[in-house]
Colleague: 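Provided herewith is a single structure, encoded as structure tokens, for subsequent inquiry.
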Amino acid sequence: MDILLLIKTILLGIIEGITEWLPISSTGHLILANEFINLNMSDAFMEMFDVVIQLGAIMAVVVLYFHKLNPFSPKKNKKEKTDTVILWTKVILAVLPAAVIGVLLDDWLNDHFYNPPVVAATLIIYGILFIVVENYNKKRRGRAMDDLNRLTYSMALIIGVFQVLSLIPGTSRSGATILGGILIGCSRTVAAEFSFFLGIPVMFGASLLKIVKFGLHFTSIEGTVLIVGMVVSFLVSILAIKFLLGYIKKNDFKAFGVYRIILGILVICYFAFLK
């Protein structure tokens with residue numbers, strides 16, 4: 001594995017680690033990054049890589065929230081263990097819509113939506129939505145629900161339906177679910193944390209699907225690229241998650257909306273006039 005390929009893989013891992021948790025679309029950014037950071041690998045491998053690299057990011061959630069997500073922790077009392085099991089049932093319920101549609105339409109989505117024009121359009125559309133929803137949220141009366149244990153099954157399912165939108169690249173899985181959570185009355189922190197937890201089964205399932213479709217016949221270089229990308233995305237994700245949770249305690253998501261709009265316009269300009 002030459003040094004240039006290693007550097008490119010590290011850059012993609014950094015991009016994944018940052019964009020997986022910030023509501024700006026990791027898949028969209030990876031598709032765009034592949035236009036400029038070419039690993040010179042097969043299309044089949046890159047399609048699998050762009051999804052499986054997210055496992056590293058997901059492991060950051062598992063590590064950071066291990067106690068909160070572990071129903072068997074000896075440090076928890078009976079009620080806390082029960083609450084954890086209930087939380088997992090809500091997560092599984094919320095995962096079902098995207099899981100079913102994702103499995104059924106995986107190839108069709110890849111053929112029709114995994115391209116820069118779609119990414120540019122969804123970046124702009126959801127950037128505008130973030131600004132609109134935040135303006136609406138500020139005018140809404142009443143205090144937002146700030147206790148994750150109070151999230152009902154119906155609320156979890158609604159957030160899961162919003163997650164279906166993220167099957168289109170450029171949408172952002174975290175962005176769609178956080179928007180959904182805010183719209184139904186969750187605080188930004190509750191919406192963000194539930195979005196993090198939803199990512200665990202979603203990305204494990206999506207990665208398994210991609211690996212099975214690709215096959216386990218990795219070359220040594222392909223295996224190294226995949227492992228390096230996952231490790232880097234894991235380390236960067238820890239920092240990104242901590243940053244986001246600190247940021248939303250004092251700020252709303254409008255800045256991310258503005259970023260998405262600007263990036264979408266730049267992508268359109270690049271492909272329309274420069275490429």
Side-chain angles (χ1 to χ4, degrees), residues 4-58 102 106-131 163 165-179 199 202-203 206-207 210 225-226 228-230 232-234 236-237 239-240 243-244 253 255-275:
L4 182 58
L5 180 58
L6 179 62
I7 292 172
K8 288 180 178 179
T9 304
I10 291 173
L11 286 174
L12 291 176
I14 292 172
I15 292 171
E16 163 58 27
I18 293 174
T19 59
E20 179 64 36
W21 306 112
L22 305 187
I24 53 179
S25 177
S26 62
T27 303
H29 275 75
L30 287 174
I31 290 174
L32 297 176
N34 288 334
E35 291 287 327
F36 305 98
I37 306 175
N38 193 339
L39 297 184
N40 294 317
M41 314 289 274
S42 69
D43 290 342
F45 175 80
M46 290 309 303
E47 179 186 324
M48 182 271 299
F49 175 84
D50 285 349
V51 174
V52 178
I53 191 178
Q54 297 175 58
L55 270 183
I58 293 302
D106 183 56
D107 290 334
W108 186 83
L109 291 168
N110 284 337
D111 292 340
H112 292 83
F113 293 112
Y114 277 66
N115 56 72
V118 170
V119 171
T122 51
L123 282 170
I124 294 172
I125 291 169
Y126 286 93
I128 294 172
L129 284 175
F130 261 116
I131 296 173
Q163 185 169 236
L165 299 173
S166 67
L167 294 175
I168 300 176
T171 299
S172 171
R173 190 196 59 78
S174 63
T177 50
I178 289 172
L179 271 178
V202 166
M203 293 320 306
S207 298
K210 291 295 184 182
V225 165
L226 195 58
V228 169
M230 290 173 62
V232 173
S233 69
F234 166 76
V236 175
S237 286
L239 299 177
F243 163 78
L244 181 61
F253 287 102
F256 296 115
V258 172
Y259 168 82
R260 292 175 64 102
I261 294 170
I262 293 174
L263 181 60
I265 293 172
L266 289 175
V267 170
I268 292 173
C269 291
Y270 170 76
F271 283 97
F273 304 111
L274 297 178
K275 188 172 180 180

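Not measured: the values here are computed from a predicted model. Computed over heavy atoms, backbone and side chain alike; hydrogens, waters and symmetry mates excluded.
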Colleague: According to side chain to side chain donor-acceptor pair (under 3.5 Å), who are the partners of S233, at least two apart in sequence or on a separate chain?
Modeller: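 Expected list: none.
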
Colleague: Got a second to check how far L5's CG is from N38's CG, nearest 0.5 Å?
Modeller: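 The CG atom of L5 sits 10.0 Å away from the CG atom of N38.
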
Colleague: Could you tell me the separation between the OH atom of Y126 and the CG atom of L179, rounded to the nearest 0.5 Å?
Modeller: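 Nearest 0.5 Å value for the OH-CG distance: 8.5 Å.
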
Colleague: Are any of the side-chain heavy atoms of L12 and L39 separated by less than 4.5 Å?
Modeller: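 Result yes, sub-4.5 Å side-chain heavy-atom pair found.
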
Colleague: Which residues pass the side chain to side chain donor-acceptor pair (under 3.5 Å) test with S166, sequence neighbours left out?
Modeller: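 S166: no side chain to side chain donor-acceptor pair (under 3.5 Å) contacts found.
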
Colleague: If the condition is ring-ring contact (aromatic ring centres under 6.0 Å, His included), which residues does F113 pass it with, not counting sequence neighbours?
Modeller: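 Scan of F113 (ring-ring contact (aromatic ring centres under 6.0 Å, His included), adjacent residues dropped) gives W108.
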
Colleague: In residues 17-26, what donor-acceptor pairs under 3.5 Å come from side-chain atoms, sequence neighbours left out?
Modeller:
residue	atom	partner	partner atom	Å
T19	OG1	I15	O	2.6
E20	OE1	S26	OG	2.8
W21	NE1	S237	OG	3.1
S25	OG	G28	N	2.9
S25	OG	G170	N	3.1

Colleague: Under the 3.5 angstrom rule, does the side chain of R260 hit a backbone N or O of I125 as a donor-acceptor pair?
Modeller: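 Flag not set: sc R260 to bb I125 has no pair under 3.5 Å.
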
Colleague: Hey, what do you get for CG (L11) to CG (L6), rounding to the nearest 0.5 Å?
Modeller: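 That separation rounds to 9.5 Å.
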
Colleague: Between V118 and H112, is there a side-chain heavy-atom distance shorter than 4.5 Å?
Modeller: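 A side-chain contact under 4.5 Å is absent here.
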
Colleague: Quick one: side chain to side chain donor-acceptor pair (under 3.5 Å) partners of R173, sequence neighbours excluded?
Modeller: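 Partners of R173 under the side chain to side chain donor-acceptor pair (under 3.5 Å) test: Q163.
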
Colleague: Taking the side chain as every heavy atom from C-beta outward, state whether V119 and H29 have any atom pair closer than 4.5 Å.
Modeller: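 V119 vs H29: side chains apart.
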
Colleague: Determine, stepwise, if the pair V51 / M203 fulfils side chain to side chain contact (heavy atoms under 4.5 Å, CB included).
Modeller: CA-CA 8 Å; V51 174; M203 293 320 306; 4.0 Å; yes

Colleague: Taking the side chain as every heavy atom from C-beta outward, state whether L244 and F256 have any atom pair closer than 4.5 Å.
Modeller: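 Yes, side chains in contact.
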
Colleague: With a 4.5 Å limit on heavy-atom distance, are the side chains of F49 and M41 in contact?
Modeller: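 No, too far: nothing below the 4.5 Å cut-off.
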
Colleague: Would you name the heavy atoms of I10 and V232 that are closest together and state the gap between them?
Modeller: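 For I10 and V232, the tightest heavy-atom pair comes out as O-CG1, 3.6 Å.
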
Colleague: Enter the distance from T9:OG1 to I14:CD1 here, rounded to the nearest 0.5 Å.
Modeller: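 So the gap between those two atoms works out to 11.0 Å.
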
Colleague: So do V267 and F271 actually touch side chain to side chain, heavy atoms under 4.5 Å?
Modeller: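 Yes - at least one pair of side-chain heavy atoms lies under 4.5 Å apart.
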
Colleague: Minimum heavy-atom separation for T177 to S174, with atom names?
Modeller: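 Taking every non-hydrogen atom into account, OG1-O, 3.2 Å.
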
Colleague: Could you name each residue pair satisfying side chain to side chain donor-acceptor pair (under 3.5 Å) that touches residues 40-52, not counting sequence neighbours?
Modeller: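 Qualifying pairs, neighbours excluded: N34-D50, E47-N110, E47-K210.
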
Colleague: To the nearest 0.5 Å, what is the distance between CD1 (I168) and OG1 (T122)?
Modeller: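 Rounded to the nearest 0.5 Å, the CD1-OG1 separation comes out at 7.5 Å.
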
Colleague: Can you find a pair of side-chain heavy atoms, one from L123 and one from L32, that are under 4.5 Å apart?
Modeller: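 Yes, their side chains come closer than 4.5 Å.
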
